[in-house]
2 protein chains.
Amino acid sequence: MRKTLRSDLETGSRRRDELLAAAEQLIVERGLSALTVDDVTGRAGVAKGTFYIYFSAKGELLAALRERYAAAICAEQERALAELPAEDHGGRLDRWVAEAIGAHLEHERLHDALFHHELPADAIKTGVTAANPQLDLLERILGAGAAAGAFALADVETATALLYGAMHAAVDLLLDRGQRPLDVDRVLSATQRFARGAVGADAAG
Amino acid sequence: MRKTLRSDLETGSRRRDELLAAAEQLIVERGLSALTVDDVTGRAGVAKGTFYIYFSAKGELLAALRERYAAAICAEQERALAELPAEDHGGRLDRWVAEAIGAHLEHERLHDALFHHELPADAIKTGVTAANPQLDLLERILGAGAAAGAFALADVETATALLYGAMHAAVDLLLDRGQRPLDVDRVLSATQRFARGAVGADAAG
DNA sequence: ACCTGAACACCGTTCAAGT
DNA sequence: ACCTGAACACCGTTCAAGT
């Protein structure tokens, strides 16, 4: 019996965990764009080549980190939701939102590195934080509707950002080829209903 | 008068435009992760060093492309919206959503490269398309509420994706340090109202 | 004023050799 | 079976020299 207690799946070696932990530390300390295989192995106290025994490429480590992070957050959410009665659907939704935002904020740097839309870091450092005209347009639409009393919005600025994010999610959903082909019309009309509800548009429009 | 007609700002040289065009072609053809300064200058028919006369770094080119792309889409949207009466707020919102999704779908590859959450491309090729447990959780919440009649949702799957995108947008909003500090509570409650509206939660919750 | 392209530095990946 | 680290390939960036 040479088998270890842990499974032999790539997912389960101690070395691998050490490399993951080292990478997570380094990302938090210095950011994703500064992350180097050399640094990771250095921090973990092994030779560079060892990295490729446990990961086929740097990208695989990042994917694994992301997965681990999402799983951890999710476990926390499950716990929080367990406190609420199953019939309190609105309350459960509120709680999901609060927990999700809270968890990501707690792990700021990591969230940023693993989930934020990522351009090579220099783009930001160079200070080219482009104003987004599409966002401005949406904000004007929402602002006008709110002013006219057609939308029930206390916070136009936040709603604009959220709706923009939702719209991008719709696009991503449609572009994600791995899935069975989704009906564009279906997603579109679902998004429009979603948007109307989110801004509190009255039935008349 | 040696000055050219075009402004001398870095934004406005013909060479620069040629480099941008070359980069856009190459991204559409081969994807962002295959984009090389060498290829860009090769396609544009200039020497490698020329690139750095017009851009301080590769990231600056990407930022410029993104800006150009967003501006183009926005111009199209403005045109479409001009056809609708200013008082038809719900209609204008519908139109914004439809145009935004449509435009991004038309330029699939480019959208993907410039806006999609980006891990080094190998992560995806390696097939580690991690199932996201957080998404599953949200889908269960929405599904349960819909089944109970507490939420008015025709398409739970799509709504889940959109709400998840909106939630991430809220986090990004809070993490974006450049801005004046936003109140976490304000964003949180705005997000919760947004979510309730989007899923058609009845007033009772 | 603009362009060139060789040279440099850095970093992801491989592999023959070690235990 | 696991580890090593030198070597390789690739690519972003610089710069002295050209027109």
Side-chain angles (χ1 to χ4, degrees), chain A residues 1-20 22-23 26-27 30-65 118-126 128, chain B residues 1-20 22-23 26-27 30-65 118-126 128:
Chain A
M1 281 290 260
R2 317 293 304 276
K3 266 183 162 308
T4 6
L5 284 174
R6 310 177 137 276
S7 102
D8 274 3
L9 291 175
E10 55 172 7
T11 316
S13 106
R14 173 184 282 105
R15 250 310 123 75
R16 193 182 147 101
D17 287 343
E18 288 166 1
L19 290 168
L20 283 169
L26 287 166
I27 288 174
R30 309 180 198 166
L32 180 58
S33 59
L35 190 73
T36 273
V37 173
D38 228 338
D39 289 341
V40 172
T41 51
R43 175 71 61 103
V46 296
K48 210 178 178 184
T50 302
F51 185 91
Y52 293 90
I53 299 174
Y54 297 96
F55 302 96
S56 70
K58 191 185 174 188
E60 195 185 308
L61 170 130
L62 293 177
L65 264 187
E118 181 95 3
L119 283 186
D122 329 18
I124 293 127
K125 282 180 202 147
T126 325
V128 203
Chain B
M1 281 290 262
R2 316 294 304 274
K3 267 185 159 310
T4 5
L5 283 176
R6 308 177 137 277
S7 99
D8 273 3
L9 291 174
E10 55 172 6
T11 317
S13 106
R14 171 183 284 102
R15 249 310 123 73
R16 194 182 147 101
D17 288 343
E18 288 166 2
L19 290 167
L20 283 169
L26 287 166
I27 289 175
R30 308 181 200 165
L32 180 58
S33 59
L35 189 73
T36 273
V37 172
D38 230 339
D39 289 340
V40 173
T41 51
R43 175 69 61 101
V46 296
K48 210 179 179 183
T50 302
F51 184 91
Y52 292 91
I53 298 175
Y54 297 96
F55 302 96
S56 70
K58 191 185 175 189
E60 195 185 308
L61 171 131
L62 293 177
L65 264 187
E118 181 98 4
L119 282 186
D122 329 20
I124 293 129
K125 282 180 202 147
T126 326
V128 202

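Within every chain, numbering begins at 1; the chains are lettered A, B, ... in the order of the sequence lines, protein sequences first and strands thereafter.
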For A/Asp39, does its backbone N or O pair with a side-chain atom of A/Thr36 as donor and acceptor, under 3.5 Å? no
Over all atoms of both residues, closest heavy-atom pair of A/Thr41 and A/Ala47: CG2-O, 3.6 Å
Once rounded to the nearest 0.5 Å, what's the spacing between atom CZ of A/Arg16 and atom CG of A/Leu61? 8.0 Å
Proximity to DNA chain C (any heavy atom under 4.0 Å), residues of residues 35-42 of chain B only: none
In Å, rounded to the nearest 0.5 Å, how long is the span from CG of A/Asp38 to CZ of A/Phe51? 11.0 Å
Between P on D/dA1 and CD1 on A/Ile53, what's the gap in Å once rounded to a whole number? 13 Å
Output a table of nitrogen or oxygen pairs between the protein and nucleotides 14-19 of chain C separated by less than 3.5 Å.
none

Closest contact, heavy atoms only, A/Arg43 versus A/Ala22: CG-CB, 3.6 Å
Nearest atoms (heavy-atom pairs only) where B/Ala44 meets B/Leu19: CB-CD2, 3.8 Å
Atom-to-atom span, CZ of B/Phe51 to P of D/dC11 - whole angstrom: 14 Å
Spacing between A/Leu26 atom CG and C/dC11 atom P, to the nearest angstrom: 13 Å
State, yes or no, whether a side-chain contact exists between B/Val37 and B/Phe55 at a heavy-atom distance under 4.5 Å. no
Could you grab the distance from atom CD1 of A/Ile27 to atom CG of A/Leu35, nearest 0.5 Å is fine? 5.0 Å
Where is the tightest heavy-atom contact between B/Ser56 and B/Glu60, given as atom of each residue plus distance? OG-OE1, 2.6 Å
I want to verify a distance call: between D/dT4, C/dT4, D/dC3, whose nearest atom is closest to the B/Val46 side chain? C/dT4
Examine C/dC2: is either OP1 or OP2 under 4.0 Å from a nitrogen or oxygen in the side chain of B/Tyr54? Give yes or no. no
Please state how far atom CZ in B/Arg15 lies from atom C1' in C/dA1, giving the value in whole angstrom units. 13 Å
Nucleotide nearest A/Ala47 when distance is taken to its side chain, options C/dC3, C/dT4, D/dG5: D/dG5
Nearest 0.5 angstrom please: A/Leu20 CG to A/Leu62 CG, how far? 10.0 Å
Rounded to the nearest angstrom, tell me the gap between atom CD in B/Glu18 and atom P in C/dC3. 9 Å
Taking CZ from B/Arg14 and P from C/dA1, how many angstroms apart are they, rounded to a whole number? 18 Å
Give the dot-bracket string for DNA chain C, reading 5' to 3', where a pair is Watson-Crick or G-U wobble with both distances under 3.5 Å, ( ) marks pairs inside the strand, [ ] marks pairs crossing earlier ones, | marks a partner on another strand, and . marks unpaired. ||.|||||...|||||.||
